[in-house]
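Each remark here refers to the structure printed beneath this line.
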Amino acid sequence: MHIQDSRWSSASAIAPGGAVGAVAGNGRGDGPRTAPLRVDAQRNLEHVLRAAREVFGELGYGAPMEDVARRARVGVGTVYRRFPSKDVLVRRIAEEETSRLTDQARAALGQEDEPWSALSRFLRTSVASGAGRLLPPQVLRVGVAEEGESDEARVPQQRTQPGGGELRLVPEAPAAAGDDAGAAALLDVVGQLVERARAAGELRPDVSVSDVLLVIATAAPSLPDAAQQAAASARLLDILLEGLRSRPV
C-alpha cells in the first residue's frame with residue numbers, strides 16, 4: 001500500500017460529465033450550463049483518468065502529475081486544464097473508487113443469502129478489481145483504540161501509533177461534504193455485511209469494518225506481472241479470509 005494523505009481541496013472544479021471549469025451563462029439569466037467537451041477533449045480526459053488510476057494504483061496518491069501525463073501520453077498542461085490541481089484529480093479518482101466499492105458491497109448484500117458468502121464475495125470482487133490500491137485516505141485509516149472508546153460511527157485511519165495496540169475506527173479530520181457522503185455510504189453498507197456475518201456466528205466477534213477494508217488494501221499487491229499479481233492477490237485473500245472467519249470453540 002502506498003496510499004498517502006493529502007490536503008484535499010474542498011472545492012472541486014469538475015463539472016458534471018467530466019468537464020472542468022467549462023461553464024458559461026446561457027443568456028437567459030437562469031443559471032450556468034455546462035459546455036460539452038469536444039470529441040478530442042473527451043478522449044484526452046478518458047486517457048488522463050485511466051492513467052491516473054494506473055499511476056496512483058502503482059505509486060500511491062503521492063505520485064506527481066507529470067507521471068500521470070506521461071502515462072496518458074499528453075502534456076502535463078493538458079492534465080492541468082482538466083484538473084486545476086492534483087487534489088482535484090485525486091478527489092475524482094477516490095470518489096469513483098468509493099462509489100464502485102459501495103456498488104460492489106450492495107450487490108453482494110442483495111444477491112447473496114448467506115452472510116459469509118456475501119462478505120467473501122464483496123472482498124473477492126473488490127480485490128480482483130484492484131480496489132485496495134485506490135482506497136481513498138478518508139476510509140482507510142487505522143489507529144489505536146483507547147480504553148472506553150467506541151468503534152461506532154467512526155472512520156478508519158491509516159496510521160499506527162507508537163507502542164502498538166488494538167486497531168479501531170477513529171475520527172477523520174474535516175473533509176468536503178461529497179467525501180463524507182461517499183465514505184459514509186461505503187462504511188454503512190460494509191458495516192451491514194460485517195454485522196450479518198457476525199450475527200450468523202461466521203465472523204470473528206472482534207472483526208470491524210476497518211479490518212475488512214484493511215483486507216481489501218492488503219490483498220491488492222502491485223506486481224509488475226499481471227498473472228503473478230492476480231495469483232498473489234487470490235492466495236493472500238484466501239489466507240486473510242481464514243483469519244476473519246469464526247472458529248468453533
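Residue numbers run from 1 in the order of the sequence given.
Between His47 and Thr78, every side-chain heavy-atom pair lies at or beyond the 4.5 Å cut-off. Using a 4.5 Å cut-off on side-chain heavy atoms (C-beta onward), Leu213 and Leu187 make contact. In this structure, the side chains of Tyr61 and Leu89 stay at 4.5 Å or more apart for every pair of heavy atoms. In this structure, Asp211 and Ser208 have side chains that are in contact, with non-hydrogen atoms separated by less than 4.5 Å. Annotation: side chain of Ser246 is not in contact with side chain of Leu203 (no heavy-atom distance under 4.5 Å). In this structure the side chain of Leu101 reaches within 4.5 angstrom of the side chain of Leu135, judged on heavy atoms. Residues Leu244 and Leu123 are in side-chain contact: their nearest non-hydrogen atoms beyond the backbone lie under 4.5 Å apart. Using a 4.5 Å cut-off on side-chain heavy atoms (C-beta onward), Phe83 and Val90 make no contact.
Not counting sequence neighbours, Arg43 has no partner by the side chain to side chain donor-acceptor pair (under 3.5 Å) test. Residues passing the side chain to side chain contact (heavy atoms under 4.5 Å, CB included) test with Ser99, sequence neighbours excluded: Asp103.
Taking both residues in full, the closest heavy atoms of Gly57 and Leu134 are given as N-CD2, 3.7 Å, listed atom of the first, atom of the second, then distance. Here the shortest heavy-atom pairing between Ala105 and Val189 reads CB-CG1, 3.5 Å. Taking all atoms of both residues into account, the shortest heavy-atom contact from Arg245 to Trp116 is NH1-NE1, 3.1 Å. Listed here is the closest heavy atom pair of Val207 and Val194: O-CG1, 4.0 Å. Between Pro115 and Ala200, the shortest heavy-atom contact is CG-CB, 3.8 Å. Closest non-hydrogen pair, Arg204 versus Gly243, comes out as NH1-O, 2.9 Å.
Taken to the nearest 0.5 Å, the CD atom of Glu96 stands 5.5 Å off from the CG atom of Leu49. To the nearest 0.5 Å, atoms CG (Leu241) and CG (Leu119) are separated by 7.5 Å. Separating the CZ atom in Arg100 from the OG atom in Ser126 is a distance of 8.5 Å, to the nearest 0.5 Å. Considering CZ of Arg106 and CD of Gln111, their distance stands at 13.0 Å, rounded to 0.5 Å. To the nearest 0.5 angstrom, Glu97 atom CD is 8.5 Å from Arg53 atom CZ. To the nearest 0.5 Å, the span separating CZ on Arg50 from CG on Leu45 amounts to 10.5 Å.
Contacts classified as side chain to side chain donor-acceptor pair (under 3.5 Å) and involving residues 223-238 (residues at least two apart or in different chains) are given here: Arg124-Asp238.
At distances below 3.5 Å, not a single donor-acceptor pair connects side-chain atoms of Thr218 with backbone N or O atoms of Val215.
Side-chain atoms of Arg121 and Gln104 form no donor-acceptor pair, as typed in the model, at a separation below 3.5 Å.
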Check against salt bridge (charged side-chain N to carboxylate O under 4.0 Å, His left out), Arg247 and Glu242:
CA-CA 9 Å; Arg247 289 286 178 264; Glu242 283 300 308; 2.2 Å; yes
Leu193 and Val212: side-chain contact (heavy atoms from CB on, under 4.5 Å), yes or no, with the steps?
CA-CA 10 Å; Leu193 289 168; Val212 171; over 6 Å; no
Yes or no on salt bridge (charged side-chain N to carboxylate O under 4.0 Å, His left out) for Glu66 and Arg70, after CA distance, side-chain angles and deciding distance?
CA-CA 6 Å; Glu66 288 78 8; Arg70 279 193 292 271; over 6 Å; no
Take Leu109 and Arg196 through the test side-chain contact (heavy atoms from CB on, under 4.5 Å) and record every step on the way to the result.
CA-CA 9 Å; Leu109 194 63; Arg196 283 183 56 193; 3.3 Å; yes
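The neighbour count for Glu46 CD, taken as heavy atoms of other residues, nucleotides or ligands under 6.0 Å away, is above 12.
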